[in-house]
Amino acid sequence: MAAMDLFGRRWALRIVWELRAGPLGARALLARCEGLSSSVLYQRLRELTASGIISLSADGYELTRLGTALRHALRPLDEWAVTWAQEQEHDDQESTETCS
């Protein structure tokens with residue numbers, strides 16, 4: 001339940017997602033996450049660091065071994081989300097064609 005609480009917080013999973021390709025600094029994270037305030041970013045960074053999901057290195061924030069494992073654990077959800085998005089797009093196209 002603690003993990004669900006952590007990852008259910010706004011922007012937490014997005015930050016993990018943005019770090020998937022390598023380290024990023026706080027400014028880069030803010031630029032990639034439109035609408036994220038700096039205060040919320042720094043709070044999430046503290047929480048994710050305290051939980052062992054990310055760490056601060058000379059190159060910025062990066063996923064730890066646990067964070068990388070989380071990325072792999074979320075892969076099936078990402079695959080499902082792609083399928084879901086395609087279904088939504090297909091349904092929207094059918095709806096538009098029906099209304100024309």
Looking at every non-hydrogen atom in both residues, tell me the closest pair between E47 and L6 and how far apart they are. CB-CD1, 3.9 Å
Enclosure of R20 CZ (heavy-atom neighbours >12, cutoff 6.0 Å): yes
Is there a path of hydrophobic side-chain contacts, each under 4.5 Å between heavy atoms of I/L/V/M/F/W/Y residues, joining L24 to W17? no
Return a table of donor-acceptor pairs under 3.5 angstrom between the side chains of residues 29-40 and protein atoms on other chains or two or more places apart.
{"unit_1": "R32", "atom_1": "NH1", "unit_2": "E18", "atom_2": "OE1", "d": "3.4"}
{"unit_1": "S37", "atom_1": "OG", "unit_2": "S39", "atom_2": "OG", "d": "3.3"}
{"unit_1": "S37", "atom_1": "OG", "unit_2": "V40", "atom_2": "N", "d": "3.2"}

Sequence neighbours excluded, every pair satisfying side chain to side chain donor-acceptor pair (under 3.5 Å) that has a member inside residues 59-70: none
Salt bridge (Lys or Arg N to Asp or Glu O under 4.0 Å) filter on D5, not counting sequence neighbours, yields R9
Taking I15 as the starting point, is it possible to reach M4 by hopping between hydrophobic residues whose side chains are less than 4.5 Å apart? no
Quick one: pull up CD1 in I53 and CG in L13 and give me the separation to the nearest 0.5 Å. 10.0 Å
Apply side chain to side chain contact (heavy atoms under 4.5 Å, CB included) to A26 and list each qualifying residue two or more places apart in sequence or on a separate chain. L41, Y42
Mind listing the closest non-hydrogen atom pair of S51 and L48 along with its distance? OG-O, 3.0 Å
Would you give me the side-chain donor-acceptor pairs under 3.5 Å for residues 79-90, sequence neighbours excluded?
{"unit_1": "T83", "atom_1": "OG1", "unit_2": "E79", "atom_2": "O", "d": "3.3"}
{"unit_1": "H90", "atom_1": "NE2", "unit_2": "E94", "atom_2": "OE2", "d": "2.8"}

Could you tell me whether a side-chain N or O of R71 sits under 3.5 Å from a main-chain N or O of V16, the two making a donor and an acceptor? no
